[in-house]
Structure formats: C-alpha cells, structure tokens
Protein chains: 2
Amino acid sequence: MSEIREEALVEPLEKFLGYQLRRVSAASMAHLANALSAQNLSPTLGTVLLMIEANPGATQARIGRALAMQRANIAPLIARLEHDGLIARKVSDGRSFGLACTPKGEALGQSVRRTMADHEAELYSALTQNEQEQLLDLLIKMRRSVTAAS
Amino acid sequence: MSEIREEALVEPLEKFLGYQLRRVSAASMAHLANALSAQNLSPTLGTVLLMIEANPGATQARIGRALAMQRANIAPLIARLEHDGLIARKVSDGRSFGLACTPKGEALGQSVRRTMADHEAELYSALTQNEQEQLLDLLIKMRRSVTAAS
DNA sequence: CAAGAATGCTATGAATAATAGCAATAAACC
DNA sequence: GGTTTATTGCTATTATTCATAGCATTCTTG
C-alpha cells in the first residue's frame, strides 16, 4: 500500500516567477509537442502555420517579428511549410514574398487549432475558468512590458 | 515625430495560455541568460548549482528528478560544475556520489542568487506585488497538476 | 544467488535560438 | 540621378536544451 516515496528536495528557486514560468512552460511545450506530432508538426511550425493563415499576404520577416523570431531562424521553417505544400509564396516585392496557406495548409491549420484547443483544455483544467482568465491577463501584461523593454 | 509603425498582425493564438506562457518564458529566459553570462553560467547551470547548494549530499539523479531533467542530460552539467571547481563529489554509494558546493561554488551561488533576484525585480516590476503573488500561485498550482499528470 | 532496479555515463539526434555575413532589392538622402 | 542606407531572404555556424537508446557497475529484492 505505502509506496516508497523519495524525500522531496529543497527548491531554492520556488519563489522565483521566472523559474516557475519556465517549469510550467516546459511541461506545456512537451505536452503540445506530443499532441502535434500526429500532424507531423513541431509547436513552432504549427504556430507559424496558424500565423500565416491568420495573416495572408504577410512576408516572412513580418511573421518572424510578430513571433519574436530571427529572419535566419524562420527561413528554414517557411521552406519546410512550402515544401510540404501547406503554404504558397507570391512575389510581393523584388526581395520578399507574400505568404498564404494553400487549401491543404488551411485544412491542416483547422486540425492544428483543434489539437491546440484540446491540449489547452486538458492541461489547464486544473485552473478554474476565473483563474485561467487571471493567468492569461497577467501573462499578457507581462508580455507587453517585456516586449517594450526589448 | 510620428515614426513609421508597422501594422500589427493578427495573433490567432492570443487567447492560448500555452502560447502566452511560452512567449513570456522565452523572453524571461533570454533576459536571465544575458544576466548570467557575466558569471559564465547558463540558466540551467545556475539552477543546478543553486539546487546542489540547497541540498548538499543529494545525488545527481535526485537533483535531476527534482528539476525534471533526464540523467543523461544532467551528467555533462555536473561534470562541468566539478571541472570548474564549483562542486565536489563524495562517494555515497558504489554507483553514486553525494554532491556539495565547494567554497568557490558557494561564493558563486551567492552571486547567482543576487543576479536572479535582480533579474526578477527588473523583469517583473510591470506587475504589482499582488499580481506577482497571484501569478506565482497560479503557476505553482499549474505545476502541481502538470507534474501529477506526468 | 538470481532477477530486476538504479546510477552514471556515452552517443546521437531533434528543436530552438543567436550571430555573422552575403547578394539582391528598396528606400532615403543629397 | 546617383549614392548611401535599410530591408529581405538566405546560408553557415554555434550554443543550449532536451529526448532516446544503450552500457557497465552496483544496489536491492525475491
């Protein structure tokens, strides 16, 4: 009946917001990555896909800025989405392209949105509706100040 | 006077807790990494160092479990801390060692704690004291449920 | 004593992100 | 108009973090 339980260690960073944020975020990311693996997408790829879907015609530099990603890092992701036939590029500038989802990309986007919604519902059900809204508001407030500081 | 401002993109994941969590956590990690670079430590190394300092005698497997790190991933970190003279290993088992900070490690730990406290104070000053406590409580509650689910 | 579990570790690969630099193009300036 | 500056997409490279598989040693347990 009584299992052997390891005595818990002291957590010196317990009161640090950054530490708790990191721990929860890491767990959430792992959970989401697992959920999205069925669609053969990483969390980042899924996010970029949805971002393009919601902003047809945007260039990859703009998408990257909105997601706080460097141009150098988003390039291979765009190439991958295009290679998979999920997005298409239309010349907009002599140097840039307007991105948009293909029908295949929109279909997958729909599925990704469902997966993410399920993931959220499952993971965040430990919090009440009220707490979820509180947490969301606090995070958004944090992001505004953090983004402004950069 | 009026700068050219790029029209903001639609953020389809705006209401997703996991998304906002990731964005804030990423910004916080980058900020902390920058702050800790002066001590020649990554956030992970700093965290492990403080964890060992707070739990002298613990084995690296135990430290790893408490931080949700695989044995395979913590091994090189421990080797690095030992190589730098920050921690020492004392045989505890035929197969494991009890870890503890050296005086040099404790001195650095003190400095790391200060750096982290400063980092937190600077980054999270956008929230009131009350909001910071709310956020901390919500995150801890999330962590309990997430850990239980794993 | 034998079987299974735990520990430390290596090797390897995936995912994410940072920096530097390049060629082409656009925009701004004189 | 022509020069300078900025932007864009991209490659190459590196660092960090984390996951999996496997191995030898050593404990623990039946």
| field | Distance in angstrom units between I63(B) CD1 and dA6(C) C1', rounded | value | 17 Å
| request: Could you identify which residues of residues 79-91 of chain A place a heavy atom less than 4.0 Å from some atom of DNA chain D, listed by residue number, or say none? | output: R89(A)
| Heavy-atom side-chain contact between M116(A) and F16(B) under 4.5 Å | yes
| note | Letter by letter from the 5' end, nucleotides 13-24 of chain D scores (B base, S sugar-phosphate only, - none; protein heavy atoms under 4.0 Å) ----SBBBB---
| R65(A) near the nucleic acid: base, sugar-phosphate alone, or nothing, with a heavy-atom cut-off under 4.0 Å? | sugar-phosphate
| query | Is there a side-chain contact between L21(B) and L21(A), using heavy atoms and a 4.5 Å cut-off? | reply | yes
| Does the side-chain contact (heavy atoms from CB on, under 4.5 Å) test come out yes or no for S28(B) and H119(B), once each step is laid out? | CA-CA 9 Å; S28(B) 173; H119(B) 147 73; 3.6 Å; yes
| said: Expressed as a whole number of angstroms, how long is the span from F97(A):CZ to dT25(C):P? | reply: 11 Å
| task | Decide whether Y19(A) and E11(A) meet the rule of one side-chain donor and one side-chain acceptor closer than 3.5 Å. | result | yes
| said: Expressed as a whole number of angstroms, how long is the span from I78(B):CD1 to dC9(C):C1'? | reply: 12 Å
| Per the end-axis method with five pairs at each terminus, what is the bend angle of the helix from dC1(C)-dG30(D) to dC30(C)-dG1(D), to 10°? | 30°
| query | Can a donor-acceptor pair be found between the side chains of R23(B) and Q20(B) at a distance below 3.5 Å? | reply | no
| said: I'd like to know if the side chain of E131(B) pairs up with that of Y124(B) as donor and acceptor (distance under 3.5 Å, no hydrogens or angles considered). | reply: no
Donor-acceptor contacts under 3.5 Å from residues 39-46 of chain B side chains, at least two apart:
residue	atom	partner	partner atom	Å
Q39(B)	OE1	T115(B)	OG1	3.3
Q39(B)	NE2	S111(B)	O	3.2
Q39(B)	NE2	S111(B)	OG	2.3
Q39(B)	NE2	T115(B)	OG1	2.9
S42(B)	OG	L45(B)	N	3.1
T44(B)	OG1	R22(A)	NH2	2.7

| Rounded interatomic separation in angstrom, taking CG from L41(A) and P from dA14(C) | 16 Å
| query | What integer distance in Å separates I74(A):CD1 from dA17(C):P? | reply | 10 Å
| Qualifying residues under salt bridge (Lys or Arg N to Asp or Glu O under 4.0 Å), relative to K15(B), sequence neighbours excluded | none
| Any salt bridge (charged side-chain N to carboxylate O under 4.0 Å, His left out) pairs touching residues 58-82 of chain B, not counting sequence neighbours? | E6(A)-R62(B), E6(A)-R65(B), R80(B)-D84(B), E82(B)-R89(B)
| field | Polar pair under 3.5 Å, donor/acceptor by atom type, side chain R95(B), base dA6(C) | value | yes
| Donor-acceptor contact present, side-chain E53(A) to main-chain G105(A), <3.5 Å | no
| task | Using whole Å, report how far CZ of R62(B) lies from C1' of dT7(C). | result | 14 Å
| said: Please report the distance, rounded to the nearest Å, between CG in N34(B) and P in dA18(C). | reply: 11 Å
| query | Roughly how many Å is it from CG in D93(A) to P in dC10(D), rounded to a whole number? | reply | 13 Å
